[in-house]
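Here is the structure we will look at, set down as structure tokens.
Any value given below was found using the heavy atoms of this structure, including those in side chains, with hydrogens, waters and symmetry copies removed. Just so we're clear, the structure is a prediction, and the values are computed from it rather than from any experiment. Residue numbering restarts at 1 for every chain, and letters A, B, ... go by the order of the sequence lines.
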Number of protein chains: 2
Amino acid sequence: MSGNIEGPPVEDVLGALADPTRRQILDRLAGSGEATATTLTAEMSVSRQAVVQHLAILEAAGLVKGYRIGRERRFIVVPRRLTETARWMDRLAAQWDGRLAAIKRIAEQAHQAGLESPGRQKENEQPETDRS
Amino acid sequence: MSGNIEGPPVEDVLGALADPTRRQILDRLAGSGEATATTLTAEMSVSRQAVVQHLAILEAAGLVKGYRIGRERRFIVVPRRLTETARWMDRLAAQWDGRLAAIKRIAEQAHQAGLESPGRQKENEQPETDRS
DNA sequence: GGGATGTGCAATCATTTACTTGCGCGTCAC
DNA sequence: GTGACGCGCAAGTAAATGATTGCACATCCC
């Protein structure tokens, strides 16, 4: 049940989305459909090189895709990984929910047992699952 | 249409999930239902204080909740924000999809027009939003 | 060809961030 | 009470990261 941190794809997406400037870039990109690092720079408050580096990270994460036209390199957003990550999060949340429900039941049972010796917590009632 | 970066809640969640150690903590926490910083440290390769700091960030992001029992401070996972962020991502992905579809249509029209003057791109067909 | 425009590479800088160590204090058990 | 256990605060360190500047190279337009 435990140990599904998930690999590189989700990891990279989360890392990429964590930065405000990159989210801003994505937002502008999605707004204009396609753009180059230079045109994006015009509507932002950082240098072109900063935008270029961010775009590289975004492309490595699979959130955008770049292609050459003439002498310019245009980028478009790619929704795929975003959808995947959203699903991953949803599954994780569902897993947490299930786990919480189980714990709640155990806690209520422990509470029942605790009523027999009032004023003191009987914490060791719960096996602590395990660890390793 | 543009400008929905979304505020603090999503921002904090993304930032919190971006770190591998924090995801590991969340995973262990979800596995054991509840745990303290000390018990978590036992199954990880960082110091207790590191875990404490991570838990503070996770709690600020609303991903976990801590409460005192006796002299110990236990934590449980809270799925709420995770679900919200997943939905946010899904909406964003859908928005991207819609935008891509629109651009594709425009591009095809531009391609049609481009057939009349072969060998040269008619790029200025798209208003380019603007650029200061 | 020649100037303008757009790109890519590389080094540098400053801030942030993850992690550590040390210590004082509250809480439980005997 | 005394000792053990767990927690919290604080300062400090080292690495990652966001951002900058400078310059060389390629491409477009006249």
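When atom types are taken as modelled, the side chain of B/Arg68 and the backbone of B/Arg73 share no donor-acceptor pair closer than 3.5 angstrom. A donor-acceptor pair is defined here as one N or O able to donate and one able to accept, closer than 3.5 Å; such a pair exists between the side chain of A/Thr36 and the backbone of A/Thr39.
A side-chain contact (heavy atoms from CB on, under 4.5 Å) with B/Thr85 is found for one member of B/Leu14, B/Asp12, B/Asp90 and no other, namely B/Leu14.
Comparing A/Gly70 and A/Val51 by the nucleotide of DNA chain D that holds the closest heavy atom to each, the one mapping nearer the 5' end is A/Val51. Of the residues near DNA chain D, A/Ala50 and B/Ala37, the one whose nearest nucleotide (by heavy atom distance) lies more toward the 5' end is B/Ala37.
The nearest whole Å value for the distance from the CG atom in A/Asp12 to the P atom in D/dA16 is 16 Å. In this structure, CG of B/Leu55 is placed 16 Å from P of D/dG6, rounded to the nearest angstrom. Rounded to whole angstrom, the span from the CD atom of B/Glu72 across to the P atom of C/dC28 amounts to 9 Å. Taking atom CG of residue A/Leu17 and atom C1' of nucleotide D/dG18, one finds them 16 Å apart after rounding to whole Å. Here C/dC19 presents its C1' atom at 14 Å from CD of B/Gln24, a figure rounded to the nearest Å.
Of the N and O atoms on the side chains of A/Glu34 and A/Tyr67, at least one donor lies less than 3.5 Å from an acceptor on the other residue.
Of the candidate nucleotides C/dC19, D/dT20, D/dG18, D/dG18 has the atom nearest to the side chain of A/Ile57. Looking at the side chain of A/Asp19, the nearest of the listed nucleotides C/dC19, D/dT27, D/dG18 is D/dG18.
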Dot-bracket notation for DNA chain D, counting Watson-Crick and G-U pairs under 3.5 Å, with | for partners on another strand: ||||.|||||||||||||||||||||||||
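One finds no side-chain N or O of A/Arg74 lying less than 4.0 angstrom from the OP1 or OP2 phosphate oxygen of C/dG6. Residue B/Ser47 places no side-chain N or O under 4.0 Å from the OP1 or OP2 atom of C/dC19. OP1 or OP2 of C/dC19 lies within a sub-4.0 Å distance of a side-chain N or O belonging to B/His54. A sub-4.0 Å separation between OP1 or OP2 of D/dG18 and a side-chain N or O of A/Thr21 is absent.
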Verdict with supporting geometry, B/Leu29 and B/Val64, side chain to side chain contact (heavy atoms under 4.5 Å, CB included): CA-CA 9 Å; B/Leu29 247 190; B/Val64 305; 3.8 Å; yes
Side chain to side chain contact (heavy atoms under 4.5 Å, CB included) between A/Val78 and A/Leu63, worked out: CA-CA 5 Å; A/Val78 180; A/Leu63 291 172; over 6 Å; no
Quick one: side chains of residues 48-58 of chain B, donor-acceptor pairs under 3.5 Å with protein atoms, not counting sequence neighbours, listed by atom name and distance.
residue, atom, partner, partner atom, Å
B/His54, ND1, B/Arg22, NH1, 3.2

Protein proximity profile, nucleotides 8-15 of chain C - base contact B, sugar-phosphate-only contact S, no contact -, cut-off 4.0 Å on heavy atoms: BB------
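Environment of CZ in B/Arg80: sparse, with no more than 12 heavy atoms of neighbouring residues, nucleotides or ligands closer than 6.0 Å.
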